[in-house]
2 protein chains.
Amino acid sequence: MSDWTLHRGDALTLLHTLPTGSVDAVITDPPYNSGGMTATQRTNDTTRGKYVSGDAKHALPDFDGDTRDQRGYLAWMSLVLGQCYRLAREGGPLLIFADWRQVPVTSDALQAAGWTWRGIVPWHKPIARPAKGGFRRACEYVLWATKGSVDANRNPVYLPGLVTGSQPRGEKRQHITQKPDEVMAELIRICAPEGTVLDPFTGSGSTGVAALASGRAFVGIELSDRYATVARHRLASIQTTAA
Amino acid sequence: MSDWTLHRGDALTLLHTLPTGSVDAVITDPPYNSGGMTATQRTNDTTRGKYVSGDAKHALPDFDGDTRDQRGYLAWMSLVLGQCYRLAREGGPLLIFADWRQVPVTSDALQAAGWTWRGIVPWHKPIARPAKGGFRRACEYVLWATKGSVDANRNPVYLPGLVTGSQPRGEKRQHITQKPDEVMAELIRICAPEGTVLDPFTGSGSTGVAALASGRAFVGIELSDRYATVARHRLASIQTTAA
DNA sequence: CAAGTATATGAATCCCGCT
DNA sequence: GAGCGGGATTCATATACTT
């Protein structure tokens with residue numbers, strides 16, 4: 001039987017209400033607060049303007065919480081990851097997505113929150129826009145950290161140093177920054193078998209889908225009503241197929 | 001005809017003596033000052049102790065300049081990259097290698113020196129040791145920056161967002177941290193055709209080899225007598241075969 | 001000579017025990 | 001109690017070697 005909960009509301013507020021030591025792993029993809037070179041671009045554009053090419057035809061809704069500058073992002077993310085630290089059990093892992101621009105500030109935030117930084121796992125997207133006069137931006141980055149020392153005996157896995165997968169397209173794509181299932185299926189293995197995974201920025205719920213599909217439990221938080229509904233549908237359908 | 005110079009001595013000292021605006025690109029692989037979880041390990045151990053596996057049989061010599069902590073590394077690298085900035089022409093690119101732990105401090109240093117950060121290109125090494133209970137450390141990172149705006153018309157290339165290649169082995173390997181030729185051959189294309197490439201940490205000279213082999217000129221600096229000699233031999237042999 | 005087999009090893013890290 | 005050294009770990013790949 002699948003086991004999941006999805007809270008709708010602000011991540012920082014709701015994290016305070018959850019019990020200490022109640023999750024085995026935290027895997028999340030926060031709003032990057034990136035995408036614009038200038039502060040004005042970052043705060044004025046909608047998320048669609050920043051992350052979706054002008055010629056894209058699909059019509060996915062914007063998401064909130066994407067208007068912070070780097071200092072604000074550091075302060076906010078430190079608080080969020082500090083709460084996640086409290087909720088995680090000793091030795092539990094954290095995986096957090098970041099684009100290239102947010103890798104330094106994200107590494108600062110997770111360390112400020114008490115996590116021990118363990119490494120970077122690039123996520124390679126084979127389908128990426130070419131860039132004239134320079135390097136294609138084909139990767140995002142997953143920062144890996146642990147609460148204290150690695151508990152290799154509890155979860156003796158050998159995971160790859162690089163994950164590959166293209167973003168879902170067409171019907172399958174429910175969120176602007178949705179992660180491919182095969183990528184999440186690799187990453188979820190960092191959580192001990194049958195453990196509970198927390199994702200305070202659930203979005204369309206790809207982390208939860210991977211957790212349930214692999215026999216793990218899931219606790220999610222999502223601010224947007226619309227995406228919370230999308231995530232509930234996806235999670236419920238896993239429950240059905242896995243039962 | 002190949003065109004190269006190799007200065008033997010301290011990078012920071014010698015960079016001051018080179019003329020402003022004299023190079024088209026800076027591509028370098030500094031000592032990472034990494035390796036080891038504790039400050040003592042990082043600053044006291046030799047490069048062999050830090051970077052060479054306990055069961056390795058090769059006898060490559062240590063290299064110097066790898067004993068700084070993060071603050072020292074930031075200060076020193078900012079000065080070095082500031083001089084590189086002076087030497088680069090307007091619009092010229094910088095590529096600098098870093099391991100996962102040094103990505104944030106390296107991005108700080110290059111921006112402190114005036115460069116505009118443009119992205120990260122992961123270098124994937126398929127041959128990497130597995131890690132129990134976590135992710136294999138299979139990547140190093142190339143940080144890409146420019147002096148001012150990207151000059152895409154001068155060098156209208158389309159470069160990959162990820163490079164792959166295994167370290168040279170056996171006879172071909174002359175340095176503990178030698179980069180594979182196929183990786184350098186990709187990266188060198190960021191320099192305008194027939195331009196001049198600067199590498200203030202030449203090591204065994206892989207950057208120079210890629211530059212000369214692709215019809216570019218090369219200016220190198222190397223502290224160690226021993227590696228300067230190795231680099232001179234490699235560069236001279238390219239000169240012969242390319243002539 | 002092609003194909004299959006054996007071997008070496010990596011910009012480590014963790015754990016343990018001694019100083 | 002912190003610092004330090006020694007030993008085990010274990011997979012993808014290049015290379016050498018054998019059939």
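Proteins get letters first, then strands, A, B, ... in listed order; numbering begins at 1 in each.
The neighbour count for A:Glu182 CD, taken as heavy atoms of other residues, nucleotides or ligands under 6.0 Å away, is above 12. Annotation: B:Arg173, atom CZ; neighbour count of heavy atoms from other residues, nucleotides and ligands within 6.0 Å is above 12.
Side-chain atoms of B:Arg137 lie closest to C:dA12 of the nucleotides D:dT10, C:dA12, D:dA12. Each of C:dT13, C:dC14, D:dT10 was ranked by its minimum atom distance to the side chain of B:Arg101; first place goes to C:dT13.
What separates CH2 of B:Trp100 from P of C:dT13 is a distance of 7 Å, to the nearest Å. Straight-line distance from the CG atom of A:Leu162 to the P atom of D:dA12: 14 Å, rounded to whole Å. When the P atom of D:dG5 is taken as reference, atom NZ of B:Lys50 falls 13 Å away, rounded to whole Å. Look at CZ on B:Phe135: it is 18 Å from C1' on D:dT10, rounded to the nearest Å. What separates CZ of B:Arg136 from P of D:dT9 is a distance of 17 Å, to the nearest Å. Summarising the geometry, the separation between CZ on B:Arg48 and C1' on D:dG5 is reported as 16 Å, rounded to the nearest angstrom. Put simply, CG on A:Asn153 is 17 Å from P on D:dA8, counting in whole angstrom units. The separation between B:Ile176 atom CD1 and C:dA12 atom P is 11 Å, rounded to whole Å.
For the atom pair CD (B:Glu222) and OG1 (B:Thr229), the distance works out to 9.5 Å, reported to the nearest 0.5 Å.
For a distance-only test at 3.5 Å, the side chain of B:Arg129 fails to qualify as a donor-acceptor partner of the base of D:dT10.
In this model, the phosphate group of C:dC14 is approached by a side-chain N or O of A:Arg118 to a distance below 4.0 Å at OP1 or OP2. Checking the phosphate oxygens (OP1, OP2) of D:dT10, a side-chain nitrogen or oxygen of A:Tyr158 falls inside 4.0 Å. Residue B:Arg173 places at least one side-chain N or O closer than 4.0 Å to OP1 or OP2 of C:dG10.
Between B:His175 and B:Tyr227, the two ring planes are tilted [angle within 30° to 60°].
B:Pro30 comes within 4.0 angstrom of a base, heavy atoms only. Among the heavy atoms of the strands lying under 4.0 Å from B:Arg169 is at least one base atom, whether or not backbone atoms are also near. When heavy atoms are screened at a 4.0 angstrom cut-off, B:Ala131 is found touching no nucleic acid atom at all.
Side chains of B:Ser214 and B:Arg216: a donor-acceptor N/O pair is present below 3.5 angstrom, by distance only.
Each of B:Ile127 and B:Lys132 has a nearest nucleotide on DNA chain D; the 5'-most of these lies closest to B:Lys132.
Judged by Watson-Crick or G-U wobble contacts below 3.5 Å, the nucleotide C:dT13 has D:dA8 as its partner.
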